[in-house]
2 protein chains.
Amino acid sequence: MTIEPELCRVEDALGILVGKWKPIILLLLLKNGTQRFSELKRKVPEITQKMLTKQLRELEDEDIIERVVYPQVPPKVEYSITEYGKSLEPILAAMHEWGTKHTLHKQQKLEQESM
Amino acid sequence: MTIEPELCRVEDALGILVGKWKPIILLLLLKNGTQRFSELKRKVPEITQKMLTKQLRELEDEDIIERVVYPQVPPKVEYSITEYGKSLEPILAAMHEWGTKHTLHKQQKLEQESM
DNA sequence: CAGCATCCATTCTGATACTG
DNA sequence: CAGTATCAGAATGGATGCTG
């Protein structure tokens with residue numbers, strides 16, 4: 001094991017990543033760079049404005065993403081990952097890789113059960 | 001970016017790790033190996049039996065941990081990480097490392113604000 | 001010892017409608 | 001366009017008491 005004593009450090013990262021839509025939002029911003037509110041909404045149609053707004057605010061509060069408002073009509077707001085936010089990428093990558101394997105695992109389990 | 005298309009793979013990992021006590025439980029089992037219910041309870045005194053039981057069941061359902069019941073009186077139940085569960089370690093490690101940095105980040109932020 | 005059952009408080013998420 | 005406000009339902013977490 002490489003993880004030592006203070007076990008609870010993990011909670012901080014988890015606290016930031018938890019939220020039904022935060023990982024997707026972060027991955028979209030990491031992958032495609034700066035994007036407008038409406039772009040994000042379009043790429044994740046299932047999310048409601050309320051939820052998107054909320055999750056973006058929370059990520060902003062944690063300095064994970066940056067929010068830039070252009071004072072014009074109609075309004076324009078752009079979101080992007082901060083440098084600090086980019087430091088989350090290894091975690092997202094590890095989860096993504098694991099998630100892929102997990103899918104296989106679940107499939108195998110189902111196959112076993114149906115034999 | 002190394003993370004490609006199917007963004008939602010991340011959710012599976014997150015779903016398993018989320019739960020107020022799951023990371024701690026996993027880290028304890030990864031670090032110290034097989035342990036009894038009461039040992040875990042003692043190491044995380046703030047958790048209630050109900051919660052400990054629930055989180056352990058959920059991890060068991062996902063094949064992350066194994067539960068062995070010894071048919072004796074008084075009862076004895078041991079929990080351990082499965083091989084599959086061990087595959088989560090990179091994620092936990094990444095979160096742990098990040099969490100440590102995050103603490104520093106928060107401190108610096110507070111210092112800046114108080115200047 | 002290792003739970004389960006019940007009740008309760010809080011938080012989270014969603015649906016819908018409205019606005020500068 | 002990018003929100004805010006309100007209401008409702010679901011999920012989560014906790015306190016307490018009982019049991020094989």
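Below, chain A is the first sequence line, B the second, and so on; all start at residue 1.
Here E58(B) lies out of heavy-atom contact (under 4.0 Å) with every strand.
Across the protein-nucleic acid pair, Q55(B) atom CD and dG14(D) atom C1' stand 12 Å apart, rounded to whole Å. One interatomic measurement links the two molecules: CE of M51(B) to P of dC8(C), which rounds to 17 Å at whole-angstrom precision. Rounded to whole Å, the distance from CD on E46(B) to C1' on dA15(D) is 16 Å. Spacing between atom CD of Q72(B) and atom C1' of dA2(C) amounts to 12 Å, rounded to whole angstrom units. Distance I47(A) CD1 to dT13(C) C1': 10 Å, rounded to the nearest Å. Taking atom CG of residue L52(B) and atom C1' of nucleotide dG3(C), one finds them 10 Å apart after rounding to whole Å. If you take CD1 of I24(B) and P of dG13(D), they are 11 Å apart, rounded to a whole angstrom. Taking atom NZ of K20(A) as the reference point, atom C1' of dA11(D) lies 11 Å away to the nearest angstrom.
Among the candidates T82(B), L17(B), I81(B), I25(B), the single residue satisfying the side chain to side chain contact (heavy atoms under 4.5 Å, CB included) test with L59(B) is I25(B).
Here W21(B) does not reach the OP1 or OP2 of dT12(D): none of its side-chain N or O atoms lies under 4.0 Å away.
More than 12 heavy atoms of other shown residues, nucleotides or ligands fall within 6.0 angstrom of atom CD in E60(A).
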Taking only nitrogen or oxygen atoms into account, show me every contact under 3.5 Å that the protein makes with nucleotides 2-4 of chain D, one pair per line with its distance.
from, atom 1, to, atom 2, distance (Å)
dA2(D), OP1, R36(A), NE, 2.9
dA2(D), OP1, R36(A), NH2, 3.0
dA2(D), OP1, V77(A), N, 3.2
dA2(D), OP2, S38(A), N, 2.7
dA2(D), OP2, S38(A), OG, 2.8
dG3(D), OP1, R57(A), NH2, 2.8
dG3(D), OP1, R67(A), NH2, 2.5
dG3(D), OP2, Y79(A), OH, 2.5
dG3(D), O6, Q49(A), NE2, 3.4

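Evaluation of the side-chain hydrogen bond (donor to acceptor under 3.5 Å, both in side chains) test over residues 66-77 of chain B, restricted to residues two or more places apart or in two chains, returns R67(B)-Y79(B), Y70(B)-E78(B).
When atom types are taken as modelled, the side chain of Q55(B) and the backbone of T53(B) share no donor-acceptor pair closer than 3.5 angstrom. A donor-acceptor pair is defined here as one N or O able to donate and one able to accept, closer than 3.5 Å; no such pair exists between the side chain of E58(A) and the backbone of I16(A).
With sequence neighbours left out, the side chain to side chain contact (heavy atoms under 4.5 Å, CB included) criterion links E83(A) to K86(A).
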